[in-house]
S.K.: 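Please read through the structure below; I'll follow up with questions.
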Amino acid sequence: MPSDPAPTQGPRGGDAAAHDAAERAAWAGTAAAYAETFAGLCAHAVPALLDDAAVRPGEALLDVGTGPGSVARAAADRGCRVTGVDPDPEMVALARAAVPDALVLVGALPRLPAAVGSRFDVVTANFVLNHVGDPRAAAAALAGAARPAGRVAVSVWPTPPGPAQQLWADVLDRAGVAPAPTALPVGLDFPRTPDGLGALLTGAGLEEVRAREVRFVHLAPSAVWWSAVTRGVASIGAAYRSQGDAGREAMRRAFVELAAAHTGAAGMLHLPARAVIAAGRVAA
């Protein structure tokens, strides 16, 4: 599953399965748009994710929620034998094109395809646990896909969000548009902090868990960044699509006004961002 760069907002309720179905429906048909826009932001965390997973050449690595294949490609470049899983068939096609030597399957947490098994040296999930309806069940599934003494590394966007994520919340607020309802069902959320993400992995049975925050600055042409919204990517795109002409124009004006504070030469946005990464080891 690709990652939503907007902070989680909206009414709570429902169940995990309904949440997961709604997520998949919201992302359907946006794979190419995501790959050309928000995927670049999410890719900044990949080197730290693989470093914290201590990947080594020749190891078998499973990337869950692989999206267009950013982690899979980077892991293959480090000499890993890569398997990827994503619930969206269009994302799977993009990942297969990006990493031709990888095995990429359609599947989703917490019930991964039977072909995945539990044989991997490393299991990764880059900005995936912030999308699933039951993060604890998802973390347990990630741990279950790793061999004894295998490693698991994950990332999420933090709360409070960094400027790159907060931009979209501010756009909605200024435009007077309600956010899409993306929050988790009651009782299933976890603190989006190093301690919170680390506790999630510890609760999944992982040992030697370490968590940290990483910071980076993403550069993107302003027009390209806004195009993600008009093409329906993520919760901000869903909010845009739900509006009539007046609401869409209000969002566009709000983006232009707010993006000015982040815009440098040649119309390039400079978007500071933060991510939380946690990694642990399965018992031997």
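Remember, it's a predicted structure, so these values are computed and weren't measured experimentally. Atom set for the values below is all heavy atoms of this structure, side chains included, hydrogens, waters and symmetry mates excluded. Just so you know, residue 1 is the first one in the sequence shown, and it goes up from there.
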S.K.: Would you compute the distance between atom OG1 of T159 and atom CD of Q165 and round it to the nearest 0.5 angstrom?
M.R.: 9.5 Å
S.K.: Which residue, V282, V64, L61, D63, forms the side-chain contact (heavy atoms from CB on, under 4.5 Å) with V123?
M.R.: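 Considering V282, V64, L61, D63, a side-chain contact (heavy atoms from CB on, under 4.5 Å) with V123 is found only for V64.
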S.K.: Is the closest side-chain heavy-atom distance between T66 and V85 below 4.5 Å?
M.R.: no
S.K.: Salt-bridged, R215 to E213, with N to O below 4.0 Å?
M.R.: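 Salt bridge: yes.
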S.K.: In terms of side-chain geometry, is the basic nitrogen of R78 or D51 positioned less than 4.0 Å from the acidic oxygen of its partner?
M.R.: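 Looking at R78 and D51, the cut-off is met.
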S.K.: Would you say L258 ends up clustered with F255 if hydrophobic residues are merged whenever their side chains have heavy atoms under 4.5 Å apart, either directly or through other cluster members?
M.R.: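 Yes; tracing contacts between hydrophobic side chains, which count when under 4.5 Å, links both residues.
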S.K.: Does a salt bridge link R147 with D121, judged by any charged N lying under 4.0 Å from a carboxylate O?
M.R.: yes
S.K.: If you define the side chain from C-beta out and look only at heavy atoms, does anything of L41 sit under 4.5 Å from W225?
M.R.: yes
S.K.: Report yes or no: do N126 and S155 form a side-chain donor-acceptor pair below 3.5 Å?
M.R.: yes
S.K.: Relative to F190, does R192 satisfy both conditions: NZ or CZ under 6.0 angstrom from the six-membered ring centre, and within 45 degrees of the ring's axis?
M.R.: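 Positive - R192 is close enough to the ring of F190 and near enough to its axis.
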S.K.: Atom OH in Y240, atom CH2 in W168: separation rounded to 0.5 Å?
M.R.: 11.0 Å
S.K.: Classify the angle between the aromatic ring planes of H218 and H44 as parallel (below 30°), tilted (30 to 60°) or perpendicular (above 60°).
M.R.: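 Perpendicular.
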